[in-house]
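Read through the structure below, which is laid out as structure tokens, and then see the notes.
Source: prediction; values computed, not measured. Scope of the values below: all heavy atoms of this structure, side chains included, with no hydrogens, waters or symmetry mates.
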Amino acid sequence: MLLHSLVQHADSRQDAVPDYYQQRQAMWQIDLSSVDGTDPLIIDLRPAKGEEPRKITAPYTGRSGTNPPPFLLADSALYALGHPGLVKLPDGAKALSTNPKDITRAQERHAAYRDMVTSWCNEHPDLPQARTVAAWLDRRTPDHWPDGMDQGHLVAISVDGEWIHDLLQAQRWWAHKVKSAKSGKSGKSQEGICLVCGQMGSLLSTLPVPIKGLPNSGMNTQLICLNQPAHYRAGIKQLGATPVCVRCGTKATTALNALLADPQHHTRAGDSAIVWWTSNPTTETDMWTLDNPDPTEVAQLVDGINHPRQGRDALTALDDDAFHAVTLRVNTNRVIIADWITIPVPELQQRLGAWFADQQTWDGWNDTYVYWSVWRLALAGARWDKRKNKYIDTTVPTHLQADLAKVALHGTPPPAHVLPVLMQRIRADHHIDRPRIALLRLALTRTTTRHKELCVPQLNTESTEPGYVCGRIMAMLEAIQRKAMPKVNATITDKYLPTAVVSPRAVLTRLRLGARPHLRTIARKSEPAAWAMENRMREAFDLLDALPAHLNAEQQALFILGYEHQRAHSARAAAEAIKAREAGKELAGDQVADALPDATDDPSTTDNTLW
């Protein structure tokens, strides 16, 4: 259960956040002196361009309604200083609002703030900091504010540089205040059995802390919110049908907010956020490799898939240390749990290893395997802008990044729409690169029950699968054109790929005839190279009884895979040819056919290429 796991995580954290506190960005600091009682020092904490924002752990809870209550000591300038807000002038500048409604609203909010802080000061008369804050409130009239301050900026109070809201007395007083407001109507708590811990205790009417840090989230985003008649069960609203005690509700929401604020335990995936943690906080989960894969660590994960833990060992591992991950989205201030998983950490490593093995691509030029992050694979499903030479990130299919992360964690096939969308993109924008090949390999490897021998990172020269062989032939014909015309602007792939993928017979037959003058051009420079390229192409044609007139969806994907495998193989031969030339050795085999016109040319510099 999600809440139960979050409570366990909260109990195991070394840096536990106080109840009803949360990481917030401080914009201004009001530093009071406990000695001479002079005017306070107002410190601007707003970050300069490129700087990290100043975060503090400050009081926070959900507030709404016509008269939302203040927070203790650390609150917005509207509450803490009675700031009426800024308005934009016709010339673009900003000035203090003179609207009577804004001024009245600011005065009312500040009065409520003063009442709360004064009440805390009065209950702690022996606390020097409380006496200093009370004296400052008595002599301050909210009539001027620093330049650049706005009513939404968080303002926190310190005495001699020490945050007052961090005092144990402030933490306890604030926790009691919120519990009294959240435990049923009129502060009267309802007793019952908590659904999370199974113990009798005071039950919450609503979760006390809203969830912050989610994409598109508002001020009061709730994990559980039943406030409309259509949501009720037997006429019971809010947490009446989901009994949660004060302790569990507070710890669960506080722990989730702490995870959302920690970059080591969450990642953004479009309009979703993926949060993860382990039963043992010291465990290295390697989850971050989904966002930024390190080749060395990924190689260890891939090697580990050959040594799985099964049966009782896996169950024991779940008891010893479990990995938890939840994918969250927001819909009208309600949190949607899009995915939830609990597995042993060794099983997580197995699944991540399989994920990278199923999407790895081969860099023939450097003779290395390449792995891609989840976000980069999702971006490969977007449209390609040829003029700007980049993907259009706003065209990534909805939820694709979160769906791919789910595929990695659950070890399942990608959604059914991934392969058709990817093929449509390739045919439409004529762009093929390694991330697209990796996404295509992943989709083929985990969805097709046939041709497993082709869903590998490198070339299979013996396959007779029509789509795969046609893709190889297309790459060979393109290589002949590039060999004969090194500075060609638009290759045959640029012109004919969309048609060749669907109807290879008509296109490849025509292109084979067009390759003859190119081979004669190559022969004038290097007859062995022309012979080797023609012989290799003939061998590929001989693998087929006849060129297929049409290819189905799966064969079209194999066409692209065969095209990539042949080009990667040629890049390896070209790299070896350059090394052989530098060593003064004679070229042979594929090295002759694939030797580049200029031994210093790296295929990564050519248009529409894979390397």
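Tested against L32 for a side-chain contact (heavy atoms from CB on, under 4.5 Å), the candidates V133, D160, L41, I164 yield a single pass: V133. Here the options are Q171, Q23, H165, the test is side-chain hydrogen bond (donor to acceptor under 3.5 Å, both in side chains), and the partner is T57; only Q23 passes.
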Check: Please walk me through it: do Q8 and S279 pass side chain to side chain donor-acceptor pair (under 3.5 Å)?
Finding: CA-CA 7 Å; Q8 288 184 326; S279 300; 5.3 Å; no

Next item on the list: Please assess Y20 against Y60 for the test side-chain contact (heavy atoms from CB on, under 4.5 Å), listing each intermediate value before the final yes or no.
Entry: CA-CA 6 Å; Y20 312 111; Y60 192 82; over 6 Å; no

Check: Please walk me through it: do W277 and S5 pass side-chain contact (heavy atoms from CB on, under 4.5 Å)?
Finding: CA-CA 9 Å; W277 65 97; S5 299; 3.8 Å; yes

Notebook entry, point to check: Given W372 and Q359, is the side chain to side chain donor-acceptor pair (under 3.5 Å) satisfied, shown in steps?
Noted result: CA-CA 8 Å; W372 304 96; Q359 55 108 320; 4.8 Å; no

Check: Under the side chain to side chain donor-acceptor pair (under 3.5 Å) criterion, do D358 and T445 qualify, and how do the steps go?
Finding: CA-CA 6 Å; D358 290 345; T445 302; 5.0 Å; no

Margin query: Please determine whether side-chain contact (heavy atoms from CB on, under 4.5 Å) holds for the pair Q350 and L301, giving the CA-CA distance in whole Å, both sets of side-chain angles, and the decisive distance to 0.1 Å.
Written below: CA-CA 7 Å; Q350 291 284 322; L301 290 172; over 6 Å; no

Note to self: Would L81 and W28 count as a side-chain contact (heavy atoms from CB on, under 4.5 Å) here? Give the steps.
What the structure shows: CA-CA 11 Å; L81 299 176; W28 299 89; over 6 Å; no

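A donor-acceptor pair under 3.5 Å is absent between the side-chain atoms of H83 and the main chain of W145, judged by distance alone. Between the D150 side chain and the G152 main chain, no donor and acceptor come within less than 3.5 Å of each other. Here the side chain of R46 pairs a donor or acceptor atom with the backbone of G148 at under 3.5 angstrom. Checked by atom type and distance alone, the side chain of D31 pairs as donor or acceptor with a backbone atom of G161 at under 3.5 Å. R131 places a side-chain N or O within 3.5 Å of a backbone atom of P125 that can act as its donor or acceptor partner. In this structure, the side chain of D75 does not engage the main chain of P70 through any donor-acceptor pair within 3.5 Å.
Expressed to the nearest 0.5 Å, how far CG of L73 lies from CH2 of W163 amounts to 11.0 Å. Distance check: M27 CE to I43 CD1 gives 15.0 Å after rounding to the nearest 0.5 Å. One distance of note links CG of L400 with CG of L379; it measures 10.0 Å at 0.5 Å rounding. Note that CG of L290 is 10.0 Å distant from CG of L404, once rounded to the nearest 0.5 Å. The distance from atom CD1 of I274 to atom CD1 of I341, rounded to the nearest 0.5 Å, is 11.0 Å. Of the inter-residue distances, the one linking D339 atom CG with L328 atom CG reads 10.0 Å to the nearest 0.5 angstrom.
Between T412 and R446, every side-chain heavy-atom pair lies at or beyond the 4.5 Å cut-off. Looking at K177 and M116, their side chains come closer than 4.5 Å, going by heavy atoms from C-beta outward. Using a 4.5 Å cut-off on side-chain heavy atoms (C-beta onward), H153 and L78 make no contact. Side-chain atoms of Q349 and V345, non-hydrogen and from C-beta on, do get closer than 4.5 Å to each other. Side-chain contact between I343 and R351 is present, with heavy atoms from C-beta onward closer than 4.5 Å. Put simply, the side chain of L137 reaches to within 4.5 Å of the side chain of V117, judged on heavy atoms. You'll find the side chain of T327 stays beyond 4.5 Å of the side chain of I336, heavy atoms only. Side-chain contact between C248 and C194: present, with at least one pair of heavy atoms (C-beta onward) separated by less than 4.5 Å.
Annotation for H176: atom NE2 does not count as buried by contact number, only 12 or fewer foreign heavy atoms lying within 6.0 Å. More than 12 heavy atoms of other residues, nucleotides or ligands sit less than 6.0 Å from atom CD of E123.
In this structure, H9 and H265 have tilted ring planes: the angle between them lies in the 30° to 60° band. Between Y113 and H110, the two ring planes are parallel [angle under 30°; tilted spans 30° to 60°].
When all heavy atoms are compared, the tightest approach of T342 to A322 is CG2-CB, 4.0 Å. Across G381 and L439, no two heavy atoms sit closer than the pair N-CD2, 4.4 Å. In terms of heavy-atom proximity, P415 sits nearest to V407 at CD-CG2, 4.3 Å. Considering all non-hydrogen atoms of both residues, D403 and T398 come closest at OD2-O, 4.4 Å. When all heavy atoms of A74 and P59 are compared, the pair lying nearest together is CB-CD, 4.1 Å. When all heavy atoms of A325 and W340 are compared, the closest pair comes out as O-CE3, 3.3 Å.
If you check the side chains of D271 and H399, you find a donor sitting under 3.5 Å from an acceptor. T250 and D19 share no donor-acceptor pair across their side chains, judged by distance under 3.5 Å alone. For the residue pair Q401 / S272, no side-chain donor-acceptor distance below 3.5 Å is found, with atom types taken as modelled. S373 and D291 share no side-chain donor-acceptor pair at under 3.5 Å.
Under the ring pair (Phe, Tyr, Trp, His ring centres under 6.0 Å) criterion, W375 pairs with no residue at all, not counting sequence neighbours. Taking the salt bridge (Lys or Arg N to Asp or Glu O under 4.0 Å) definition, one finds that R114 meets it with nothing, sequence neighbours left out.
One finds a salt bridge joining R247 and D11 here, because a Lys/Arg side-chain nitrogen approaches an Asp/Glu carboxylate oxygen to under 4.0 Å.
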